[in-house]
Amino acid sequence: MANTTYTVKKAKKQGEKTFYQEIGKLLIREGGKNGVLFLHHLDGEFAVFLQEPRDTESAGK
C-alpha cells in the first residue's frame, strides 16, 4: 500500500458558481492511521491522526 495524497481546496461561492482555490496538500501515510497536512500560507507541517470512534457506553459514564 502506498501513501495517498489529497489536494486541499477552499470553496468560495459567488452567485451560482463555486470557485476553488488550492490551499495545501494532505498526505495520508501507508496504513491510514496518520499523515501530514501542508498548508501553502503557513510555515511548517501539521500532523494528522485517525480518531477512533468512542465507545458510546463508556462515554455516558
Side-chain angles (χ1 to χ4, degrees):
M1 181 186 229
N3 293 338
T4 304
T5 303
Y6 294 94
T7 301
V8 180
K9 295 186 177 190
K10 176 182 177 181
K12 185 174 184 180
K13 199 153 179 90
Q14 290 183 348
E16 295 286 321
K17 292 186 178 182
T18 302
F19 296 93
Y20 297 94
Q21 177 185 9
E22 183 176 320
I23 61 167
K25 295 282 184 187
L26 173 63
L27 179 115
I28 302 296
R29 294 201 173 104
E30 186 174 336
K33 299 251 180 201
N34 58 43
V36 181
L37 174 64
F38 300 96
L39 296 174
H40 298 322
H41 63 283
L42 296 174
D43 287 338
E45 53 192 56
F46 301 88
V48 294
F49 302 96
L50 177 65
Q51 182 174 349
E52 298 292 337
R54 288 184 169 202
D55 182 16
T56 55
E57 287 185 27
S58 64
K61 292 181 181 180

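Computed from a predicted model, the values in this text were never measured in an experiment.
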- Message: Using the salt bridge (Lys or Arg N to Asp or Glu O under 4.0 Å) criterion, which residues pair with E52? Sequence neighbours excluded.
- Response: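 Once residues adjacent in sequence are excluded, the partners of E52 under the salt bridge (Lys or Arg N to Asp or Glu O under 4.0 Å) criterion are K33.
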- Message: Once side chain to side chain donor-acceptor pair (under 3.5 Å) is applied, do any residues pair with T7, and if so which ones, sequence neighbours excluded?
- Response: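 For T7, the residues satisfying side chain to side chain donor-acceptor pair (under 3.5 Å) (neighbours in sequence not counted) are K25.
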- Could you list the residues that satisfy side chain to side chain donor-acceptor pair (under 3.5 Å) with H40, not counting sequence neighbours?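 Testing H40 for side chain to side chain donor-acceptor pair (under 3.5 Å), a comparison that skips the adjacent residues, returns E22.
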- Message: If we ignore hydrogens and angles and just use 3.5 Å, is the side chain of N3 paired with the main-chain N or O of E30 as donor and acceptor?
- Response: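 Pair found, side chain donor or acceptor close to backbone of E30.
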- Considering residues, nucleotides and ligands other than F46, do more than 12 of their heavy atoms fall under 6.0 Å from its CZ?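 Count over threshold, so yes.
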- Message: Give me each pair satisfying salt bridge (charged side-chain N to carboxylate O under 4.0 Å, His left out) with a member in residues 3-15, each pair once, sequence neighbours excluded.
- Response: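 Sorted pair list comes back empty.
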- Indicate, with yes or no, if L27 and V8 share a hydrophobic cluster defined by side-chain heavy-atom contacts under 4.5 Å among Ile, Leu, Val, Met, Phe, Trp and Tyr.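 Different clusters.
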- Item | Interatomic spacing from OG1 in T5 to CG in L26 - rounded to 0.5 Å |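 Going from the OG1 atom of T5 to the CG atom of L26 covers 8.0 Å.
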- Message: To the nearest 0.5 Å, what is the distance between CD1 on I28 and CG on L50?
- Response: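 Answer rounded to 0.5 Å: 9.0 Å.
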- Query: Got a sec, which hydrophobics cluster with V36, joining ILVMFWY side chains under 4.5 Å apart, including via others?
  - Reply: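 Direct or chained contacts put V36 with F38.
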- Who are the side-chain contact (heavy atoms from CB on, under 4.5 Å) partners of A11, not counting sequence neighbours?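 A11 satisfies side-chain contact (heavy atoms from CB on, under 4.5 Å) with T18, Y20 only.
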